[in-house]
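What follows is a short report on a single structure.
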There are 2 protein chains.
Amino acid sequence: MVRVGLTPERLTLAGAELADEVGFEQVTVSALARRFDVKVASLYSHLKNSQELRTRIALFALEELADRVADALAGRAGKDALAAFANAYRTYAREHPGRYDAARLRLDPATAAASAGVRHAQMTRAILRGYDLTEPDQTHAVRMLGSVFHGYVSLELAGGFDHSKPDPQQSWDWIIDSLDMLLRNRPTDN
Amino acid sequence: MVRVGLTPERLTLAGAELADEVGFEQVTVSALARRFDVKVASLYSHLKNSQELRTRIALFALEELADRVADALAGRAGKDALAAFANAYRTYAREHPGRYDAARLRLDPATAAASAGVRHAQMTRAILRGYDLTEPDQTHAVRMLGSVFHGYVSLELAGGFDHSKPDPQQSWDWIIDSLDMLLRNRPTDN
DNA sequence: GGCATTTGCCTAAAGCTTTTAGGCAAACTA
DNA sequence: TAGTTTGCCTAAAAGCTTTAGGCAAATGCC
């Protein structure tokens, strides 16, 4: 009975890898046990239940994505920052589709508040400092940016733009240009 | 052994209702059988497998949503049409969260091509006729509108805007205003 | 180093979902 | 009314989740 050295952290990482390979939906405690060549029940010493596994993967992905975005934003401002932010997002989703899906898992409010989701919101606001927006416009803009990026990336990931021209990259660039223009020119709401 | 009168259509509708009640993820052949007070195996005379059930619910939701959008668009143009389109989308998602989720199910290309998803794309293009866009800008704009609406609605549905001010309705209106402004003023890409 | 405790993975088992196979009776069809 | 089709049934296998209890490896203490 050799000990494999399971920990919640190793399970989470392996779960994230599994998600990228087979899809977040297909990540099960059983599949993970097979991957470690260990009996299923053994994982329950490290995980409360399968929901906890999913939640952990989600939190891990949020954190990892936030780190990447933070890197991408470093030293940039204005449209440059906007594009870097958007591209970090899209690149992550393309490199790690399962983790990206995981990051969209609905978390309970307490968990969400303690997650890297908070950093995402802060970084979005940071980008908007390069534009001349005051509240409540800034919040509206935060929500719009989140919606566009999330929406585009998930439609693209779902194959929504497959086999259709023009190249999704062009639309992506066009959208970033548009948002920049919009944020620079939009009259204040009153 | 009373015959309940199961058909693929009744099962699909009941599945859609179930999705709204308990979430699309929780729609199982077993749960559906319980709802009809019938043994699980009986459903397999009407459904090839559980994937077919999910696909049918997705197609049903796409169709229903397209009908609503078509109604909303009737007789409208320009920003009026844009707002009607957006609101039909959001209203459907709020009234039928499970069906809306279902409509986002990834379909295989052939099924997608034969689905009401095609009508959705056509209607989006119809709205853009009220703005002065030529290809490829029009396609970029179709993708952007789809992304924003889908993204906003799914973030809102996932509780992303809960307990945060301002009211999501205000952001929604602000976003529609912004998109209208953008589509009216954006310089042609070249 | 030897011994006790803790920890990690195991077997066993129950409950749920999916899916297939084969059967019987109800409902059409002539 | 007899024959055929159809609809729901029982039975059963296979996979996932989760709990309970056990034994052996690792850890800590004298």
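All heavy atoms count here, side chains included; hydrogens, waters and symmetry mates do not.
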Hey, does the side chain of [X] come within less than 4.0 Å of [N]'s phosphate (OP1/OP2), counting only N and O?
X: B:His46; N: D:dT6; answer: no
X: B:Ser30; N: C:dT18; answer: yes
X: A:Thr28; N: D:dG15; answer: no
X: B:Arg34; N: C:dT17; answer: yes

**Request:** Identify the two heavy atoms, one from A:Gly98 and one from A:Phe24, that lie closest to each other, and give their separation to 0.1 Å.
**Result:**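 So the minimum-distance heavy-atom pair works out to O-CB, 3.7 Å.
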**Prompt:** So, for B:Ala86 and B:Ile176, which heavy atoms are closest and what is the spacing to 0.1 Å?
**Reply:**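 Here B:Ala86 and B:Ile176 meet closest at CB-CD1, 3.7 Å.
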In whole angstrom, give the distance that lies between atom [atom1] of [X] and atom [atom2] of [N].
X: A:Glu25; N: C:dT17; atom1: CD; atom2: P; answer: 18 Å
X: A:Leu43; N: D:dC16; atom1: CG; atom2: C1'; answer: 12 Å
X: A:Asn49; N: C:dG15; atom1: CG; atom2: C1'; answer: 16 Å
X: B:Lys39; N: C:dT18; atom1: NZ; atom2: P; answer: 15 Å

**Message:** Heavy atoms only, 4.0 Å cut-off, all strands: where does A:Ser50 land among base, sugar-phosphate and nothing?
**Reply:**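 Contact class for A:Ser50: sugar-phosphate only.
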**Request:** Looking at every strand, decide which applies to A:Ala41 at a 4.0 Å heavy-atom threshold: base, sugar-phosphate, or nothing.
**Result:** base
**Residue pair A:Asn87 / A:Trp172, side-chain donor-acceptor N/O under 3.5 Å** = yes
**Prompt:** So, A:Arg125 versus A:Thr139: side-chain donor-acceptor pair below 3.5 Å or not?
**Reply:** yes
Which nucleotide in [options] has an atom nearest any side-chain atom of [X]:
X: B:Val40; options: C:dT19, D:dT17, C:dC9; value: C:dT19
X: B:Ser42; options: D:dT10, C:dC9, D:dC8; value: D:dC8
X: B:Tyr44; options: C:dT18, D:dC8, D:dT17; value: C:dT18
X: A:Arg3; options: D:dC8, C:dG8, C:dC10; value: C:dG8

**Request:** State whether the number of non-hydrogen atoms from other residues, nucleotides or ligands found under 6.0 Å of A:Asp37 atom CG is greater than 12.
**Result:** no
